[in-house]
Amino acid sequence: MSTTTTPTPGRAAVPGTGGTGGPGNPAAAPRVVRQRRRRPGLIALSVALIAAGGLSGALLFTASGQRSAVLVVARDVPVGNAVTEADLAPASLALDPAVKAVPVARKGEMVGKRAAVALAAGSLLSPAQVTSSSLVKAGEQLVGVALKPSQLPASRLSPGQKVLIVSTPDPAQAAAAAAGGKAGEPAGAPKTLAATVVAVGEAAPATGVVTVDVAVPAADGPTLAARAATGAVALIVAAQGGS
């Protein structure tokens, strides 16, 4: 007698062994995601570095933004010339503390002083570049010498320049002196006086005569004044470093 087995209703059996994988393959284990462990020390160090960088940048910006109101030279001023208000101009600059500059508030003190060195337009004014000392020293006298254009160099004279005042005898007197001298006798050397230019006046419109104030030793002052009164003098510029 045959026995018939009726399948039990329900989930169908999956061929193979071991679960829901493919034939003969075990089921894959579930994937475990490992969480990264946070490192509080590293985070704190990063935050500190960022903060330090920001602070350094802020300090640098603040330092570079600190500007000072100082004086600069507006136009060239020859050595020895008196500084005028028009010769100076204000400027706002970021300066190193080691730089010696003149604040704008001291402009009134600078006006009237003389340039101890040649001041170039656009340069920063330093206190050591001006002086209140007079070009006429102790033991010297100031003499004004009126000179025609033919009696002085074409180059512009500047206060502080060393010059020589040369006597130029009248041509008639020179001819008479030559006639009275012996034949072949050399003419005497012209008389000269060393001087220092203190100021140069403006040329007269009609004649072009310029009055130059010069400082000479007190012993030579009267002599130079007498020669200058005759007009028989000429001015020459001494070599640099000459006296």
Side-chain angles (χ1 to χ4, degrees), residues 60-147 149 151-165 192-204 209-218 220-221 224 228 235-243:
L60 181 61
F61 176 79
T62 302
S64 61
Q66 290 180 346
R67 307 174 80 84
S68 303
V70 295
L71 291 175
V72 295
V73 181
R75 57 187 183 182
D76 292 342
V77 181
V79 59
N81 273 22
V83 178
T84 66
E85 192 169 350
D87 295 330
L88 304 176
S92 180
L93 302 174
L95 299 175
D96 189 279
V99 177
K100 303 299 182 183
V102 180
V104 172
R106 294 183 56 193
K107 182 177 182 179
E109 300 177 28
M110 300 297 107
V111 175
K113 290 187 176 182
R114 296 187 179 276
V117 296
L119 304 179
S123 61
L124 182 67
L125 182 67
S126 169
Q129 293 178 327
V130 295
T131 179
S132 56
S133 300
S134 173
L135 291 178
V136 182
K137 302 179 177 63
E140 292 183 337
Q141 291 181 343
L142 186 67
V143 181
V145 182
L147 300 167
Q151 294 174 299
L152 75 169
S155 301
R156 181 175 178 83
L157 298 173
S158 299
Q161 272 186 310
K162 302 297 183 181
V163 297
L164 294 175
I165 308 297
T192 61
L193 283 176
T196 302
V197 177
V198 174
V200 182
E202 296 293 333
V209 172
V210 176
T211 299
V212 181
D213 289 347
V214 295
V216 295
D220 296 331
L224 177 58
L235 182 147
I236 60 177
V237 177
Q240 186 175 4
S243 57

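Here the structure is a predicted model, which is why all the values come from computation and not from measurement.
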* To do: State, to 0.1 Å, how close A128 and A116 come at their nearest heavy-atom pair, and which atoms those are.
  => O-CB, 4.1 Å
* Any donor-acceptor pair under 3.5 Å from E109 side chain to R106 backbone -> no
* Structure fact -> Between A86 and A74, the two heavy atoms sitting closest are O-CB, 3.6 Å
* Stepwise side chain to side chain donor-acceptor pair (under 3.5 Å) check, S132 with K113 -> CA-CA 5 Å; S132 56; K113 290 187 176 182; 5.3 Å; no
* Structure fact -> Nearest heavy-atom approach of M110 to V83 is O-CB, 3.8 Å
* Give the C-alpha distance, both sets of side-chain angles, the deciding distance and a yes or no for side-chain contact (heavy atoms from CB on, under 4.5 Å) between V130 and L125. => CA-CA 9 Å; V130 295; L125 182 67; 4.2 Å; yes
* **Positive for side chain to side chain contact (heavy atoms under 4.5 Å, CB included) with L119, one of D76, N81, V73** => V73
* Let me know which of V143, V212, L135 forms a side chain to side chain contact (heavy atoms under 4.5 Å, CB included) with V198. => L135
* Asked: P103 versus V70: any side-chain heavy-atom pair under 4.5 Å?
  -> no
* Asked: Quick check: does any side chain N or O of R67 sit under 3.5 Å from a backbone N or O of A94, one acting as donor and the other as acceptor?
  -> no
* **Donor-acceptor pair, side chain of R114 and main chain of G80, under 3.5 angstrom** => yes
* Is there side-chain contact between L224 and V214, with at least one heavy-atom pair below 4.5 Å? -> yes
* Structure fact -> Nearest heavy-atom contact between A215 and L142 is N-CD1, 4.4 Å
* Which atom names give the shortest non-hydrogen contact between S158 and P78, and what distance separates them? -> OG-CB, 3.7 Å
* Verify the distance criterion only: is there a donor paired with an acceptor across the side chains of T196 and K162 at less than 3.5 Å? => yes
* Asked: Would you say the side chain of L235 lies within less than 4.5 Å of the side chain of L157, judging by non-hydrogen atoms?
  -> yes
* To do: For the residue pair V197 and V163, establish whether any side-chain heavy-atom pair is separated by less than 4.5 Å.
  => yes
* Starting at CZ of R75, measure out to CG of L88 and round the result to the nearest 0.5 Å. => 9.5 Å
* Structure fact -> In this structure, CD1 of I165 is separated from CG of L193 (nearest 0.5 Å) by 7.5 Å
* Looking only at atom types and distance, does a side-chain atom of D220 sit under 3.5 Å from a main-chain N or O of P217, one as donor and one as acceptor? -> no
* Structure fact -> Taking every heavy atom of L124 against every heavy atom of Q129, the minimum-distance pair comes out as O-OE1, 3.5 Å
